[in-house]
Amino acid sequence: MGLFSKDHEKHSDQDVSDGFEPTTDVQEGMLSDNSDDLQRHLANRQIQLIAIGGSIGTALFVSIGQGLYHGGAGSLLIAYTLQSCMLALVNNSIAEMSIAYPVSGGFIRLAGKWCDDALGFMLGWNFFFYEALLIPFEISALNLIIGFWSPAITQPGPTAGICIGCIVAYAAINILAVRAYGEAEFWLSGGKVILIFSLFFFTFISMVGGNPQGDAYGFRYWEDGQAFRARYEGGSLGKFEGFLSALWSAAFTVVGPEYISMVAAEAKRPRTYIKTAFKTVYFRFGLFFIGGALAVGIVCSSRDPALERITNGGGSSTAAASPYVIAMRNLNVKIFPHIVNALLMTSIFSAGNTYTYAAVRSLYGLALEGRAPSFLTYCTKNGVPIWCFCVVMCFPFLSFLQVSGGSAEAITWLSTLITAGALIDYIGMAITFICFHRACKAQGLDRRTLPYFGWFQPYGAYVAVVWFSIITMFYGYLAFRPAWSVEGFFQNYTMQIVDPILFISWKLIKKTKWKSVYEVDLVWERPTIDAYEATFLDPPVGFWTEMLQLVGLRRNKGGNDKRQGSITN
């Protein structure tokens, strides 16, 4: 069997080469950005900041305190390091596929195209609900953070006002063209980078004695058994359970590759800009997530009374929601906590904005493949899936649940309910790569000719499948400890129950079959994307060059994105 199955004989070998020549439509200016109605307007600087900070929000700055409290500083660091390494394997898999095939719907459509339509259906709706439910989670967290200045803000009236304000802001940003979302995320993600580096500097300076108390506390909170805390049981078993609690925190916090896959269809030059974005994920894992876990364990004790109140739900109106803010108050730092809390607000708002965008695009990807109603494929002239947007904007109203239940309780419910959704997505990405790898081998496609070649494959994908399957299975074991809890069971296992039902139902209704290695379409939209990239007249612009251009330096009179036979975007 050659490179393609008999269904794809109309494509020549040139179709999958890196040097696909533009058709006459290109010269006549008729080539579209995608095979659907999404438009490629995201610039390099926007994509790189989205990759660095788009998925950093509440979990890294606030919710990470739960993992610290239950596991201790040492367990937290090990858990975040291990989870980051495992997710790097998933990133390595999805990067190779998304760079070669930067299609609308990202990994959702890749799964349906190369594995089984039922898998694409399951992953699509799983990711949609995961992203859509994260929006009210971030709004709830924002209300908790604002309580820093006045506990009265967490009362029902002000809380409702904050919810309305966030919903209106998310709607305004996402109903505009994608470049509006990209520009908003560029500045908001830039604020996240400033925030986390500020917290790192605070950690180092304060631990060596640069604080109002002159206390060079160093690694004090790692001493006297505080690094590895026991939970439920004493001894080694209790410490292992403490580590597992820290690992569950890492499973919710360490994310990222899925968002780059979703924006790939709206990147100006996906083969270059998306490739760079995926590479920065490894840097972000090491610096932000692992470094953040280390910093939190240094500045805050795992048994700090304020942290305990927050973790156990008794501090919904307290200012000390973040372990960093707790540490600053303990050290009598007066001004910096206000600055940090303000930046935390922008970071949390940014995360909610990213989730809104991802939910809209995932629903659009489902509609393109007939896994959601066809009317959802309609886009405005600016490339916005307007009906998908309307559906997604219903979910932020769930944030009003906190009006009666308290912000901390709402956050706990939403975070535990959706964590398994992210883990299942990662399993799906790794399975998709395994199918893709097998198809490339069977059809004679040399993966080294692709724009990005993943290392340690397919072994990395197999390891990722096993790792995330184990976590997904045992993530909610706390529902059985110390006693059976119906509430805890459904919080932790809802998605594990719903997703198999979605998969089996779609297989029965549509009578889908798992694709053989020779049925996998390795052509698909590559010719369209190759032709689109071939229309650019200038070389790709670097990140720092775009940053200089932003302030009026190093202007290119011809335009960095000037295209043959089309108007510059």
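- Under the ring pair (Phe, Tyr, Trp, His ring centres under 6.0 Å) criterion, Tyr80 pairs with no residue at all, not counting sequence neighbours.
- Looking only at side-chain heavy atoms (C-beta outward), Phe285 and Pro257 come within less than 4.5 Å of each other.
- Residue pairs meeting the salt bridge (Lys or Arg N to Asp or Glu O under 4.0 Å) criterion with at least one partner in residues 163-177, sequence neighbours excluded, are absent.
- Looking at heavy atoms from C-beta onward, Cys166 lies in side-chain contact with Leu142 at the 4.5 angstrom threshold.
- Here the side chain of Thr276 pairs a donor or acceptor atom with the backbone of Thr272 at under 3.5 angstrom.
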> Could you walk me through whether Ile424 and Tyr130 pass the side chain to side chain contact (heavy atoms under 4.5 Å, CB included) check?
Replying inline: CA-CA 10 Å; Ile424 292 170; Tyr130 171 69; over 6 Å; no

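- A 4.5 Å side-chain heavy-atom check between Met495 and Leu423 finds every atom pair outside the cut-off.
- Distance alone, capped at 3.5 Å, places no donor-acceptor pair between the Tyr364 side chain and the Phe389 backbone.
- Listed by chain and number, the residues in a side chain to side chain donor-acceptor pair (under 3.5 Å) with Trp387 amount to none (sequence neighbours excluded).
- The residues Glu525 and Arg109 are annotated as salt-bridged, a charged nitrogen and a carboxylate oxygen being separated by less than 4.0 angstrom.
- For the residue pair Tyr357 and Glu266, a side-chain donor N or O sits within less than 3.5 Å of a side-chain acceptor on the partner.
- Considering CD1 of Ile99 and CD1 of Ile94, their distance stands at 10.0 Å, rounded to 0.5 Å.
- The line from CD1 of Ile139 to SG of Cys163 is 6.0 Å long, rounded to the nearest 0.5 Å.
- Using a 4.5 Å heavy-atom cutoff, the side chains of Thr354 and Ile50 are not in contact.
- Of all non-hydrogen atoms in Cys388 and Leu376, the two that sit nearest each other are SG-O, 3.2 Å.
- A donor-acceptor pair is defined here as one N or O able to donate and one able to accept, closer than 3.5 Å; no such pair exists between the side chain of Glu369 and the backbone of Gly112.
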> Stepwise, does the side chain to side chain contact (heavy atoms under 4.5 Å, CB included) test hold for Phe468 with Met86?
Replying inline: CA-CA 8 Å; Phe468 286 104; Met86 292 298 105; 4.2 Å; yes

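- A side-chain donor-acceptor contact under 3.5 Å links Gln48 to the backbone of Tyr273.
- A distance of 9.0 Å separates CG in Leu450 from CG in Leu522, rounded to the nearest 0.5 Å.
- Take Tyr426 and apply the side chain to side chain donor-acceptor pair (under 3.5 Å) test, not counting sequence neighbours, and it matches Glu258.
- With rounding to the nearest 0.5 Å, the separation of CH2 in Trp506 from CG in Leu119 is 13.5 Å.
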> Passes side chain to side chain contact (heavy atoms under 4.5 Å, CB included), Glu138 versus Phe349? Steps please.
Replying inline: CA-CA 7 Å; Glu138 295 296 337; Phe349 177 85; over 6 Å; no

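- Taking Thr432 as the reference, nothing meets the side chain to side chain donor-acceptor pair (under 3.5 Å) condition, with sequence neighbours excluded.
- For the pair Leu110 and Trp524, the minimum side-chain heavy-atom distance is below 4.5 Å.
- With sequence neighbours excluded, the residues that form a salt bridge (Lys or Arg N to Asp or Glu O under 4.0 Å) with Glu96 are Arg447.
- Of all non-hydrogen atoms in Thr346 and Leu188, the two that sit nearest each other are O-CD2, 4.0 Å.
- Using a distance-only test at 3.5 Å, with no hydrogens or angles considered, no donor-acceptor pair links the side chain of Ser261 to the main chain of Ser98.
- Aromatic ring orientation, Tyr355 versus Tyr259: tilted (interplanar angle from 30° to 60°).
- Under the ring pair (Phe, Tyr, Trp, His ring centres under 6.0 Å) criterion, Phe278 pairs with no residue, sequence neighbours left out.
- Put simply, the side chain of Ile146 does not reach to within 4.5 Å of the side chain of Asn341, judged on heavy atoms.
- At a threshold of 4.5 Å between non-hydrogen side-chain atoms, the residues Leu368 and Ser104 count as touching.
- When every heavy atom of Ile108 is checked against every heavy atom of Gly124, the shortest pair comes out as CG2-CA, 3.4 Å.
- Taking the ring pair (Phe, Tyr, Trp, His ring centres under 6.0 Å) definition, one finds that Phe395 meets it with Phe128, sequence neighbours left out.
- The shortest side-chain heavy-atom distance between Met393 and Thr356 falls under the 4.5 Å cut-off.
- Relative orientation of the Phe197 and Phe200 rings is perpendicular, given thresholds of 30° and 60° on the angle between their planes.
- Separating the CG atom in Leu60 from the OG atom in Ser249 is a distance of 9.5 Å, to the nearest 0.5 Å.
- In this structure, the side chain to side chain donor-acceptor pair (under 3.5 Å) partners of Asn353, at least two apart in sequence or on a different chain, are Asn174, Glu185.
- Remark: side-chain polar atoms of Arg40 are paired, donor with acceptor, to backbone N or O of Ala264 under 3.5 angstrom.
- Among pairs with a residue in residues 118-129, those fulfilling side-chain hydrogen bond (donor to acceptor under 3.5 Å, both in side chains) read Asn126-Asp425, at least two apart in sequence or across chains.
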>> For a side chain to side chain contact (heavy atoms under 4.5 Å, CB included) check, start with the C-alpha distance between Phe127 and Met262, then their side-chain angles and the critical distance, and finish with the verdict.
In response: CA-CA 11 Å; Phe127 186 69; Met262 295 304 295; 3.9 Å; yes

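- The side chain to side chain contact (heavy atoms under 4.5 Å, CB included) test applied to Glu183 returns Arg45, Gln46, Phe186, Trp187, not counting sequence neighbours.
- Pairing each heavy atom of Ser362 with each of Ala359, the nearest pair is OG-O, 2.9 Å.
- Tyr324 places no side-chain N or O within donor-acceptor distance of the main-chain N or O of Pro337, the cut-off being under 3.5 Å.
- The minimum heavy-atom distance between Gly120 and Leu366, with the atom names listed, is O-CD2, 4.1 Å.
- Of all heavy-atom pairs spanning Ala111 and Leu123, the tightest one is CB-CD1, 3.6 Å.
- The CD atom of Gln83 lies 9.0 Å from the OG1 atom of Thr253; values are rounded to the nearest 0.5 Å.
- Aromatic ring centres of Phe336 and Phe201: separated by at least 6.0 Å.
- In this view, Asp499 satisfies the salt bridge (Lys or Arg N to Asp or Glu O under 4.0 Å) rule with no residue, not counting sequence neighbours.
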